[in-house]
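By convention here, the first residue in the shown sequence is residue 1.
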Amino acid sequence: MSAATDGITRVFTWEEGARIEVRNLGGEIVVEANAAGLKTLAGHLLALAQDGTPDGAHLHLEENNGLERGSVGLVLERCDDE
C-alpha cells in the first residue's frame, strides 16, 4: 500500500502472514501481533519517520484494512509539533 502526502509517496508494506489486533480495554489499548505483524507495524512507523515526510501524514488501520476482525481502528500519525 502506498500513500502520497504533499507529493511525497511513502510505501507501506505488509509482511507475509501479518496478524494485528487492536483492542480497547477501557483504560488501555492493547496491540497484539505475531512477529510478522510487529515487523509490519515497525515498517509503517519507519516510513512515517522518514526525512521529508510532512507533519500530519498518517495511516489508518481498521478491521478489514489490515487489522483482525473485531479490532478497533488505529491511526499512525506523524506530528512534529510539540
Side-chain angles (χ1 to χ4, degrees):
M1 164 178 22
S2 64
T5 306
D6 293 341
I8 297 172
T9 300
R10 294 287 177 251
V11 177
F12 297 95
T13 59
W14 289 84
E15 295 281 325
E16 182 73 32
R19 188 189 63 73
I20 305 166
E21 182 177 351
V22 180
R23 292 177 280 147
N24 182 345
L25 300 181
E28 61 187 5
I29 301 297
V30 175
V31 177
E32 180 180 286
N34 62 8
L38 292 171
K39 290 176 186 176
T40 295
L41 285 173
H44 292 350
L45 293 170
L46 287 170
L48 288 169
Q50 287 180 3
D51 290 341
T53 301
D55 186 54
H58 61 279
L59 176 64
H60 289 262
L61 301 175
E62 301 166 341
E63 182 180 54
N64 300 321
N65 183 26
L67 300 181
E68 295 293 304
R69 180 181 306 271
S71 291
V72 296
L74 176 67
V75 178
L76 305 175
E77 182 174 357
R78 180 173 178 149
C79 179
D80 293 322
D81 295 336
E82 293 187 26

Would you sort out whether R78 and H58 count as a side-chain contact (heavy atoms from CB on, under 4.5 Å), showing the intermediate values? CA-CA 6 Å; R78 180 173 178 149; H58 61 279; over 6 Å; no

So, the side chain of N24 versus the backbone of I29: is there a donor-acceptor pair under 3.5 Å, distance only? no

Check step by step if side-chain contact (heavy atoms from CB on, under 4.5 Å) holds for V22 and L61. CA-CA 10 Å; V22 180; L61 301 175; over 6 Å; no

Let me know which of L46, L59, L76 forms a side-chain contact (heavy atoms from CB on, under 4.5 Å) with F12. L59

Please confirm whether the backbone N or O of L67 pairs with a side-chain atom of S71, one donor and one acceptor, at under 3.5 Å? no

Checking N34 side chain against R19 main chain: does a donor-acceptor pair fall under 3.5 Å? yes

Does the pair E32 and R23 meet the rule for a side-chain contact (heavy atoms from CB on, under 4.5 Å), with working shown? CA-CA 8 Å; E32 180 180 286; R23 292 177 280 147; 2.9 Å; yes

Value rounded to 0.5 Å, distance of NE2 in H44 from OG1 in T13: 7.0 Å

Same apolar cluster (I L V M F W Y, side chains within < 4.5 Å links), V72/I20: yes

So does E15 get a backbone contact from the side chain of T40, meaning a donor-acceptor N/O pair under 3.5 Å? yes

Mind checking the CG-CD spacing from N64 to E62? Nearest 0.5 Å is all I need. 9.5 Å

